[in-house]
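Structure first, then comments.
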Amino acid sequence: MFIDLLRSRRSVRKYQEKPVEAEKVDLLIEAALRAFSSHNSQPWEFVVVTDPEMLSRLAKARPSGSTFLENAKLAFVVCADIAKTDLWVENASIAATILHLTAADIGLGSCWVQIRTRDHDSQKSASAYVAELLNLREGLEVESIISMGYPAENKAPRPAESLSMGKISFEKYGQKSK
Ligand SMILES: Cc1cc2nc3c(=O)[nH]c(=O)nc-3n(C[C@H](O)[C@H](O)[C@H](O)COP(=O)(O)O)c2cc1C
């Protein structure tokens, strides 16, 4: 069941040397392109990166929070055409989430790297840094990068007892019983 995937999934930031097979990359591409979007606007575009040199440069997108891309074997840079819809953030986030969960389903570890609204340094946004590196066309914004690879760390699933049931109300806000 899908819930089992959600129960075991954790963010993975350490990766084995083993590359990700081409068939798995193709599957991830298909998953990304099957992401649902508002009015089927499909504002996203993806840059699939496997080149270690480029991964190393992407790792420097932010002073921290992106450094583990250095050792990733694969990354999907999730971009969106912001002129296509005012809901580009939501649409790009759905695609990123689908990539994340598909990676888990095929035995890969992955982690979200936030790019939108983050700084590269005091002069440049992380988005502008990545856009320059990848030679993105005008009008595309970088939302996130999903780093991937075979996991080199084993993270325990979060137990059911750790779920924040206090965040759930029934019928009206604050009502705690069904
Ligand atoms: C919108 C979003 C942005 C995130 N940005 C980063 C990031 O820039 N760097 C990072 O290491 N992890 C990032 N994460 C991963 C979270 O830190 C992680 O999902 C959270 O701590 C829960 O841990 P888990 O995924 O292992 O359950 C991000 C996750 C989300 C959903």
Side-chain angles (χ1 to χ4, degrees), residues 1-16 20 28 31-32 35-38 43-49 52 54-80 82 85-134 136 140-168:
M1 276 170 77
F2 183 65
I3 191 77
D4 293 323
L5 182 76
L6 296 179
R7 283 176 177 149
S8 59
R9 184 218 58 86
R10 293 292 311 277
S11 291
V12 171
R13 299 178 180 84
K14 291 181 182 155
Y15 309 100
Q16 296 174 27
V20 177
L28 288 157
F36 47 98
S37 59
S38 55
W44 19 251
E45 295 192 31
F46 307 92
V47 182
V48 183
V49 182
M54 185 56 89
L55 288 164
S56 172
R57 289 185 183 167
L58 289 173
K60 297 180 180 69
R62 290 171 47 198
S64 65
S66 59
T67 48
F68 53 89
L69 272 165
E70 175 93 41
N71 301 311
K73 293 291 154 250
L74 169 68
F76 274 70
V77 180
V78 181
C79 313
I82 64 171
T85 163
D86 57 338
L87 300 185
W88 68 269
V89 176
E90 289 82 348
N91 292 318
S93 296
I94 287 167
T97 304
I98 284 177
L99 276 169
H100 216 16
L101 296 176
T102 304
D105 191 42
I106 59 177
L108 299 173
S110 64
C111 190
W112 185 303
V113 177
Q114 182 66 21
I115 297 297
R116 191 184 69 85
T117 75
R118 295 293 182 259
D119 290 332
H120 169 64
D121 58 23
S122 58
Q123 311 290 319
K124 195 178 276 183
S125 70
S127 182
Y129 171 84
V130 174
E132 232 172 79
L133 261 187
L134 300 174
L136 292 188
L140 280 188
E141 275 288 328
V142 185
E143 201 247 12
S144 58
I145 303 176
I146 307 300
S147 69
M148 298 182 195
Y150 284 95
E153 60 178 339
N154 211 348
K155 290 209 170 156
R158 297 189 192 281
E161 307 80 73
S162 72
L163 300 182
S164 309
M165 286 307 287
K167 294 188 188 291
I168 306 292

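In what follows, every heavy atom counts, from backbone to side chain, and hydrogens, waters and symmetry copies are set aside. If you read the sequence from its start, that first residue is 1, and numbering goes on from there. In listed order, ligands and their atoms are each counted from 1.
Each of the atoms 24 (P), 26 (O), 27 (O) of ligand 1 lies under 4.0 Å from some heavy atom of Arg10. Ligand 1 places these atoms under 4.0 Å from at least one heavy atom of Arg158: 22 (C), 23 (O), 24 (P), 26 (O), 27 (O). Interface atoms of ligand 1 facing Ser11, defined by a heavy-atom separation under 4.0 Å, are 15 (C), 18 (C), 19 (O), 24 (P), 25 (O), 26 (O). Heavy-atom contacts of Val113 reach the following atoms of ligand 1: 7 (C), 8 (O) (cutoff under 4.0 Å).
How far OG of Ser110 is from CD1 of Ile145: 13.5 Å, rounded to the nearest 0.5 Å.
Under 4.0 Å is where a charged nitrogen must lie from a carboxylate oxygen, and between Arg7 and Asp4 at least one such pair does.
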Checking Arg13 against Thr67 for the side-chain contact (heavy atoms from CB on, under 4.5 Å) test, could you report, in this order, the C-alpha distance in whole Å, the side-chain angles of both residues, the deciding distance, and whether it holds?
CA-CA 9 Å; Arg13 299 178 180 84; Thr67 48; over 6 Å; no

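Of all heavy-atom pairs spanning Ala35 and Ile94, the tightest one is CB-CG2, 4.5 Å. When all heavy atoms of Glu143 and Val89 are compared, the closest pair comes out as OE2-O, 3.5 Å. The heavy-atom pair separating Thr102 from Ala31 by the smallest distance is OG1-CB, 3.4 Å.
Among all protein heavy atoms, the one lying closest to atom 1 (C) of ligand 1 is Trp112 CE2, 3.6 Å. The protein heavy-atom contact nearest to atom 27 (O) of ligand 1 is Arg9 NH2, 3.0 Å. The nearest heavy-atom contact from the protein to atom 8 (O) of ligand 1 is Arg62 NH1, 2.6 Å.
For ligand 1, the polar-atom distance check against Lys155 finds no nitrogen or oxygen pair separated by under 3.5 Å.
If you look at Cys111 next to ligand 1, the close heavy atoms, those under 4.0 Å, all belong to the side chain. With a 4.0 Å heavy-atom cut-off, ligand 1 is reached by no atom of Arg118.
Per-atom contact check: atom 20 (C) of ligand 1 does not touch the protein, criterion being a heavy-atom distance below 4.0 Å. Inside a 4.0 Å radius of atom 12 (N) of ligand 1 there is at least one protein heavy atom.
Donor-acceptor pairing under 3.5 Å is lacking for the side chains of Gln114 and Ser144.
Classified by interplanar angle (parallel below 30°, tilted 30° to 60°, perpendicular above 60°), the ring pair Phe46/Phe76 is perpendicular.
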